[in-house]
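Encoded as structure tokens, the structure appears first; notes follow it.
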Amino acid sequence: MKAVVIVLLVASVSIQCATASKQNLRKKRAWVVDSLSMEEELSGPFPYKLGDLNIEKTVLEEYFIHGQGIDKDPKGIISVKSNGSVYALGKVDYEEYKRLTIRLTNESTNVAVDIVIHDVNDHAPVFNKEVYEITIDESTPQGERLVTVLATDIDQFGSANSLFTLRIVSVSPQTSNTEFFIEQTGADVTGTISFKGCLDYEETQKYTILVEAKDHGEKLQLSSTSTVILNIIDKNNHLPEFTGATASFKAQASGEPVCRLQVTDADSRGSAAWRARYSLRGDKAQHFKIQTDPDTNDGVMTVTEPLNDEEKSNLSLTVIVENEEPFFYCRVTGRPKHGLWDVNHSRGRSSSTSASLLITNVNKDDSEPSVFVEIVKHAERLAAGPMLEAHRLGMCLSEKNTEITAVDPNLYGPAVHVELMGDVEGGWRLHYNYGTSVRLIKESAVRAGDHELTLKISDGRGQVSLQSLSVRVCDCDVSADCHVLRGPAVLHLSATAVAAVIFSLLLLLGMLLLVFRIKCRAKKSDADGRSRTGLISISGPNYAVF
């Protein structure tokens, strides 16, 4: 019986001890430890206190403290004092560690403490390329996507530190008819560059665009740049123009040269936009063929079928020249604040320039003939387009500008665009008016004489024509030629001429007054002689009147 009582007592004590132990264990596991935090790239000074653990000092001594920042990477960054205070001993990079976890363990308990790392704006957005380089055609229409740039920011995803804006910082060179813009796409990490207006190879062959990516950091904003290089390929936006002809034939034997036609083209020499192709039209065109000289771009006409004497005496042909590459044109007509610009643009169209070739055999003995080349009035015709109202005008040396007018019977809108062709820099330029008129400006370097200008005129429908304008510049003080060309409505005299006219009138008036006074004196003398008796005495060689 005694043994049974002892066994019951031991069991009772064991149960009570076990119950107490479980209660203590539950109490330890129920401890709540607050999370701590620190900024990345913390500048100190170190050690820097992050906070206190919510654990009694006596209990803390029972735990083994280890984990990230203590005995795991990044080692030596975190320190936990015996009083429960936690210190940072160095910097932590958010991009490498988003949080650090330290553990307090003993035989029966494992407590975790998280130290959350807060991101700071320590990274600028970076482009995937320092330089983007592409090549585009001059005829590329506005709004077409040219190049896409990509940038990334490794700061905290979705935060202001990692969000950025793309923009164009600068464009070199600046041109009047082209404006570049960038549209941000692809979850705001890519940007597509396009342009408004027209590209012009003759104005610039390359654009250098500086693009910036700048983040939205609240305290500090970081940025980086990338360079975009756009190389422009010349396309055919200038038609060949006839400049002259030379003859060296009798037009008898097949294969003999007839004449050589010269043209000029403002597109890149040697390119398909520059190379000319010729053709002939007319009743006697079958007697000839015309080929292009690849070195000079001249049209060389030779005989394929001999001509008889009657045919050689008076021969008229039409020569047509076009480029190997289709023609295109682009013109800005308006610049609205929003959206693309108003542009007349066309490419891939067939167009040509024509000239009348008159071959006249002046001599009856089949000697060298005379060849005349005359550019027809509508040398370049894409369709029925605008033309000059007058093809000849005169200007005085003292005048700085004059007005020229274009007319177009098919013009839907009143506006025209006029462009001077060829090398006129330093001599002539245009100042635009509204409607169909334009001011032709004469620079001071222009001297007296006859000047031939070529004008390219286009209307609101995109119709284009080349027009020849003859300008006679003369000294209006000594010549009336300019006034004859200009007409009485626009007669302007210089200050010197006006002064000369006034002086002449005053001189004439003075002479008339003098004659009048002489006549008056003569009449008075006759009256006095009749009113009294007078004798005439002659003494020696002298005469005296009494």
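- Looking only at side-chain heavy atoms (C-beta outward), R447 and L397 stay at 4.5 Å or farther from each other.
- Every residue was checked against the salt bridge (charged side-chain N to carboxylate O under 4.0 Å, His left out) condition with D119, not counting sequence neighbours, and none meets it.
- For the ring-ring contact (aromatic ring centres under 6.0 Å, His included) test, no residue two or more places apart in sequence or in another chain qualifies with Y132.
- A donor-acceptor pair under 3.5 Å is formed between the side chain of Q142 and the backbone N or O of G197.
- With sequence neighbours left out, E443 forms a salt bridge (charged side-chain N to carboxylate O under 4.0 Å, His left out) with R429.
- Within the 4.5 Å cutoff, side-chain heavy atoms of T140 are placed close to those of L146.
- Partners of T227 according to the side-chain hydrogen bond (donor to acceptor under 3.5 Å, both in side chains) rule, which considers only residues two or more places apart in sequence or in another chain, do not exist here.
- With sequence neighbours excluded, the residues that form a ring-ring contact (aromatic ring centres under 6.0 Å, His included) with H451 are W428.
- Heavy-atom minimum distance, A124 versus D215: CA-OD2, 4.4 Å.
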Exercise for review: For side-chain hydrogen bond (donor to acceptor under 3.5 Å, both in side chains), just list the numbers for N323 and D265, CA-CA rounded to whole Å, side-chain angles, deciding distance to a tenth of an Å, and then say yes or no.
Suggested key: CA-CA 9 Å; N323 295 120; D265 196 308; 3.0 Å; yes
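- Between the side chain of S224 and the backbone N or O of P125 there is at least one donor-acceptor pair closer than 3.5 Å.
- The closest side-chain heavy-atom distance from E322 to F327 is not below 4.5 Å.
- For R335, the salt bridge (charged side-chain N to carboxylate O under 4.0 Å, His left out) test picks out no residue, with sequence neighbours left out.
- Taking the side-chain contact (heavy atoms from CB on, under 4.5 Å) definition, one finds that T148 meets it with T190, T192, sequence neighbours left out.
- Applying the salt bridge (charged side-chain N to carboxylate O under 4.0 Å, His left out) rule to D450 yields the partners R472; only residues at least two apart in sequence or on another chain are considered.
- The 12-atom threshold is exceeded at CD of E144, counting heavy atoms of other residues, nucleotides or ligands nearer than 6.0 Å.
- Using a 4.5 Å heavy-atom cutoff, the side chains of K219 and N121 are not in contact.
- Among residues at least two apart or in separate chains, there is no disulfide (SG to SG under 2.5 Å) pair with a member in residues 121-189.
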Exercise for review: Under the side-chain hydrogen bond (donor to acceptor under 3.5 Å, both in side chains) rule, what do D155 and H123 come out as? Steps first, then yes or no, please.
Suggested key: CA-CA 6 Å; D155 285 318; H123 293 90; 3.3 Å; yes
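- For K214, the side-chain contact (heavy atoms from CB on, under 4.5 Å) partners at least two apart in sequence or on another chain are E212, Q221, S223.
- Taking both residues in full, the closest heavy atoms of K400 and M395 are given as C-CE, 4.1 Å, listed atom of the first, atom of the second, then distance.
- Residues E452 and S470 bring a donor and an acceptor atom of their side chains to less than 3.5 Å of each other.
- Q156 approaches S162 most closely through the heavy-atom pair O-OG, 2.8 Å.
- With sequence neighbours excluded, no residue satisfies ring-ring contact (aromatic ring centres under 6.0 Å, His included) with F127.
- Between C396 and C474, the gamma sulfurs sit at a distance of 2.5 angstrom or greater.
- Electrostatic pairing of K235 and E325 counts as a salt bridge here, judged by a charged N lying under 4.0 Å from a carboxylate O.
- For the pair D93/D122, a side-chain contact is recorded, criterion being any heavy-atom separation below 4.5 Å from C-beta on.
- Applying the disulfide (SG to SG under 2.5 Å) test to every pair with at least one member in residues 170-240, sequence neighbours left out, gives these pairs: C198-C330.
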